[in-house]
Every structure is written in structure tokens, then in C-alpha cells.
K.L.:
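This structure is in C-alpha cells; I'll ask about it shortly.
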Amino acid sequence: MNRQFCVIGNPIAHSISPKLHNLAYKRLDICANYSRVLLDDESSLKNTIFGYKLNGANITVPFKESAFKICDEIKGIAKEIKAINTIVNKDGKLTGFNTDAPGFLKSIEEFDSIKNVLILGAGGTARALSIILKHSGFNVVVVNRSHGRFDFFKAQGFTTFTHEDNLPDNFDLIINTTPAGLKDSNLPLPLHKLDQISKHARYGYDVVYNIKTPFLRFCNERNIKNKDGLEMLLYQAVLAFDIFFDNKYNKSDITNAMKDVFLL
Ligand code: NDP
């Protein structure tokens, strides 16, 4: 039976998820198809999944929190993050997962001796990363330009600061989860503040992929080892695939198949 999957978001044309999953189906000889759906309105999310008779879907910006609300059951760390990027549809029952968080964690395996982490931004991605980092024993501080989204982090026991506050400077790893620099030349924090917080930083990470952001350029100029979000994207896809197919395939085979997308 040909199984149907897709990624749902807005915008969606840029998503490389169809390429990742379809190449893995081809390489692993699986009869399935993965497409993309542009959704105008969160209220039609559930109908889209049922209307297209999807066996599963990935959910991307800006619907991850709405997706959390439409699921009948939530598994694992997604319960705390309160946002999901992976839905499985089994006989009309929707189960939600978050693979962004473990995907990110896998992508920083090579970073050694990390203790104190600073997350720039307080949106959905910051939530996912802060929770998984806390679970893994890291000290996490969140810095955002405004107060508006701090309730979630405060309730989880994280220390939060705005750009106006006096910021600590003891961070080993700084993660940018803001879209600053994506369509402009802005840093996620004013330069003098970024210089101050990164005094002892050994690693920098930007969740945005395939673009040298001003933040990553800043890291290069300060000799801070850094990487973008491409591996996070890859590993969240591998983990979603693994969930879609009930852990039937070897994870390294899935990873190797998907990795080839970047070489094509
Ligand atoms: P959200 O819109 O939920 O949050 C964005 C955050 O960034 C907010 O806290 C916002 O602050 C802050 N912000 C926005 N613009 C600026 C700016 N110019 N300067 C400083 N702060 C700013 O976004 P998400 O968390 O959902 O996504 C963030 C990015 O992560 C996206 O670009 C997305 O593509 C990427 N991503 C990558 C993944 C991967 O696999 N590599 C996976 C998931 C996401 P305020 O609260 O004041 O508005």
C-alpha cells in the first residue's frame, strides 16, 4: 500500500523535507510518497490531515503549537514543550511527537565540555531546545528582546533576561533561535552585548540553515567554533521517519540516504 506523508506549514515552498523523505523511500525501497501542503489557517490543520488521507505529517512554522492542540495523544518530551512537528495518523487517532528537540541534541554531540548554554530568542524553537538541554543536564539561560514570551520559560525554572538587562558572561555555547539576519544584516543581540556574553564561549549555533548569518560570521570573527541548523534539520527528519515507520529501519541507513540530498 502506498503510504502518504507531507509537511504542512506557511510558507512551505522552501522546505526540503519532501526531498529528504522521498530519497530515503527510494533508497530503502519503500512504497510511500511525501509532499508539501501550504496551509492558510490553523483551523483547517486536522481536516488537511484527514482530507489528504495522510498516514503522518511534519508540521512546521507557524503551526507547531496548533498541532499540539489537535492531537489525541502526545508522546515524550513534546508534552513539556507543548509544540509538535510530527503527527502520526493511525485509524483516525492523531499522536504527536517533537523531533526538533532530540534532532538538535544529536547535532551538538561533537561539542565537548558544555555546561552553561545561552539561548537567544524565546519562540517555539527556543522552547524545544531549552527543555531538551535541561533534561540533558545543561544550565540554560534565555535572552529575548521582549518580555512577552517569558511565562513558559519562567514556569519551567529558566533564568530569563531581555536585551536591556545586565547579562552574565559564563556561557560555553550560544544558540541563536531568532530569525535575525535571515532577511537583513541584523545580529540577534546588539554587538556590544554579544561581545560581552561570548567572552568565554567556545561554540556558537544558529538554527537557521544554508545561510551564513551575521551571528555565524560574528562567531567566525571571534574564533568561536560554530555550525548552522542543517544537521538539526536532517536529524529531526530521520527521527520523524523512524516514528512514521515504527522503528522498522536502521537509523544509520535512513541518515545516510537522507544525507545524500545535500550532495545531489
Ligand atoms: P518564533 O517566531 O516562534 O520565535 C522567534 C523569536 O525570535 C522570538 O522570541 C522573537 O522575539 C525573536 N526575534 C525575531 N526577530 C528578531 C530580531 N530581529 N532580533 C532579535 N530577536 C528576534 O520562531 P521559531 O522559534 O519557530 O523559529 C525560529 C527559527 O528557527 C526560524 O528561522 C526557523 O526556520 C528555524 N528552525 C530551524 C529548524 C531546523 O531544523 N534547523 C527547526 C525549527 C526552526 P519577540 O518575542 O520579541 O518577538
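Whatever order the structure lists ligands and atoms in, that order sets their numbers, starting from 1. These figures come from a predicted structure and were not determined experimentally.
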K.L.:
Would you call the rings of Tyr34 and His21 parallel, tilted or perpendicular, taking 30° and 60° as the class edges?
P.N.:
parallel
K.L.:
Does some non-hydrogen atom of the protein lie less than 4.0 angstrom from atom 31 (C) of ligand 1?
P.N.:
no
K.L.:
Would you mind running through ligand 1 and noting each atom that sits below 4.0 Å from a heavy atom of Lys64?
P.N.:
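Those qualifying, in numeric order: 43 (C).
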K.L.:
Tell me whether atom 28 (C) of ligand 1 lies less than 4.0 Å from at least one protein heavy-atom position.
P.N.:
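At least one protein heavy atom is under 4.0 Å away.
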K.L.:
Where the side chain of Asp246 meets the backbone of Lys248, is there a donor-acceptor pair that is under 3.5 Å apart?
P.N.:
no
K.L.:
Just wondering, more than 12 heavy atoms not from His147 lying within 6.0 Å of its NE2?
P.N.:
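No, the 6.0 Å shell around NE2 holds no more than 12 heavy atoms from other groups.
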K.L.:
What residue and heavy atom of the protein are closest to atom 17 (C) of ligand 1, and at what distance?
P.N.:
Arg145 NH1, 3.4 Å
K.L.:
To the nearest 0.5 Å, tell me how far Ile131 CD1 sits from Phe158 CZ.
P.N.:
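The distance works out to 4.5 Å.
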K.L.:
Using heavy-atom distances, let me know which of Pro190, Gly148, Pro179, Gly121 sits nearest atom 5 (C) of ligand 1.
P.N.:
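Considering heavy atoms of Pro190, Gly148, Pro179, Gly121, the nearest to atom 5 (C) of ligand 1 sits in Pro179.
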K.L.:
Protein non-hydrogen atoms only, distance under 4.0 Å: does atom 34 (O) of ligand 1 have such a neighbour?
P.N.:
no
K.L.:
Say you draw a straight line from CD of Glu110 to NZ of Lys227; how long is it, rounded to the nearest 0.5 Å?
P.N.:
3.5 Å
K.L.:
Hey, which atoms in ligand 1 end up nearer than 4.0 Å to a heavy atom of Tyr209?
P.N.:
41 (N)
K.L.:
May I ask you to decide if the ring planes of Phe241 and Tyr25 are parallel, tilted or perpendicular, using 30° and 60° as cut-offs?
P.N.:
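If you compare the ring of Phe241 with that of Tyr25, the planes turn out tilted.
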K.L.:
Would you check if the side chain of Asn116 reaches a backbone N or O of Asn139 as a donor-acceptor pair within less than 3.5 Å?
P.N.:
no
K.L.:
For atom 23 (O) of ligand 1, is there a protein heavy atom at a distance under 4.0 Å?
P.N.:
no
K.L.:
Counting both backbone and side chain atoms, is some N or O of Gly229 under 3.5 Å from an N or O of ligand 1?
P.N.:
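The answer is yes, given that Gly229 and ligand 1 share an N or O pair closer than 3.5 Å.
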K.L.:
Roughly how far, to the nearest 0.5 Å, is the SG atom of Cys6 from the CD1 atom of Ile59?
P.N.:
7.0 Å
K.L.:
Would you indicate which of Val207, Asp100, Val143 comes nearest to atom 41 (N) of ligand 1 when only heavy atoms are counted?
P.N.:
Val207
K.L.:
Counting each atom of ligand 1 from 1 as listed, which ones have a heavy atom of Val208 under 4.0 Å away?
P.N.:
32 (O)
K.L.:
Heavy-atom distance to atom 26 (O) of ligand 1: which of Leu189, Asn210, Thr125, Thr177 wins?
P.N.:
Thr125
K.L.:
Side chain, backbone, both or neither: which applies to Leu233 and ligand 1 if a contact is any heavy-atom pair less than 4.0 Å apart?
P.N.:
both
K.L.:
Hydrophobic cluster membership, with links at side-chain heavy-atom distances under 4.5 Å among I/L/V/M/F/W/Y: are Leu45 and Ile74 in one?
P.N.:
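They do share one cluster, since a chain of ILVMFWY contacts under 4.5 Å joins Leu45 to Ile74.
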K.L.:
Are there over 12 heavy-atom neighbours, none belonging to Lys19, within less than 6.0 Å of that residue's NZ?
P.N.:
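No.
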K.L.:
Can you tell me how far the CG atom of Leu167 sits from the CD atom of Gln196, to the nearest 0.5 Å?
P.N.:
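Spacing of CG (Leu167) from CD (Gln196) equals 5.5 Å.
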K.L.:
Any idea which of Leu129, Asn144, Thr60 brings a heavy atom closest to atom 12 (C) of ligand 1?
P.N.:
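When every heavy atom of Leu129, Asn144, Thr60 is considered, Asn144 comes closest to atom 12 (C) of ligand 1.
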K.L.:
With respect to atom 6 (C) of ligand 1, which of Ala83, Ala126, Gly123 exhibits the smallest heavy-atom separation?
P.N.:
Gly123
K.L.:
Please report whether ligand 1 has a polar contact with Ser146, defined as an N or O pair separated by less than 3.5 Å (distance criterion only).
P.N.:
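The answer is yes, given that Ser146 and ligand 1 share an N or O pair closer than 3.5 Å.
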K.L.:
I need the nearest protein heavy-atom contact for atom 19 (N) of ligand 1: residue, atom name and distance, please.
P.N.:
Ala180 CB, 3.8 Å
K.L.:
Can you tell me which residue among Ile84, Asp242, Thr86 is in a side-chain contact (heavy atoms from CB on, under 4.5 Å) with Thr99?
P.N.:
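Of all the options given, the one that passes is Thr86.
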K.L.:
Going by the atom numbers of ligand 1, which of them fall below 4.0 Å from some non-hydrogen atom of Thr178?
P.N.:
7 (O), 12 (C), 13 (N), 21 (N), 22 (C)
K.L.:
Tell me, which protein residue and heavy-atom name are nearest atom 3 (O) of ligand 1, and how many Å apart are they?
P.N.:
Gly124 N, 3.1 Å
K.L.:
Should Ile175 and Phe138 be counted in the same cluster of Ile, Leu, Val, Met, Phe, Trp and Tyr side chains packed under 4.5 Å apart?
P.N.:
yes
K.L.:
Atoms of ligand 1 less than 4.0 Å from Pro188 heavy atoms?
P.N.:
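Those of ligand 1 that fall under 4.0 Å from Pro188 are 20 (C).
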K.L.:
Among protein heavy atoms, which lies nearest atom 42 (C) of ligand 1, and at what distance?
P.N.:
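Of every protein heavy atom, Met232 CE, 3.7 Å lies nearest to atom 42 (C) of ligand 1.
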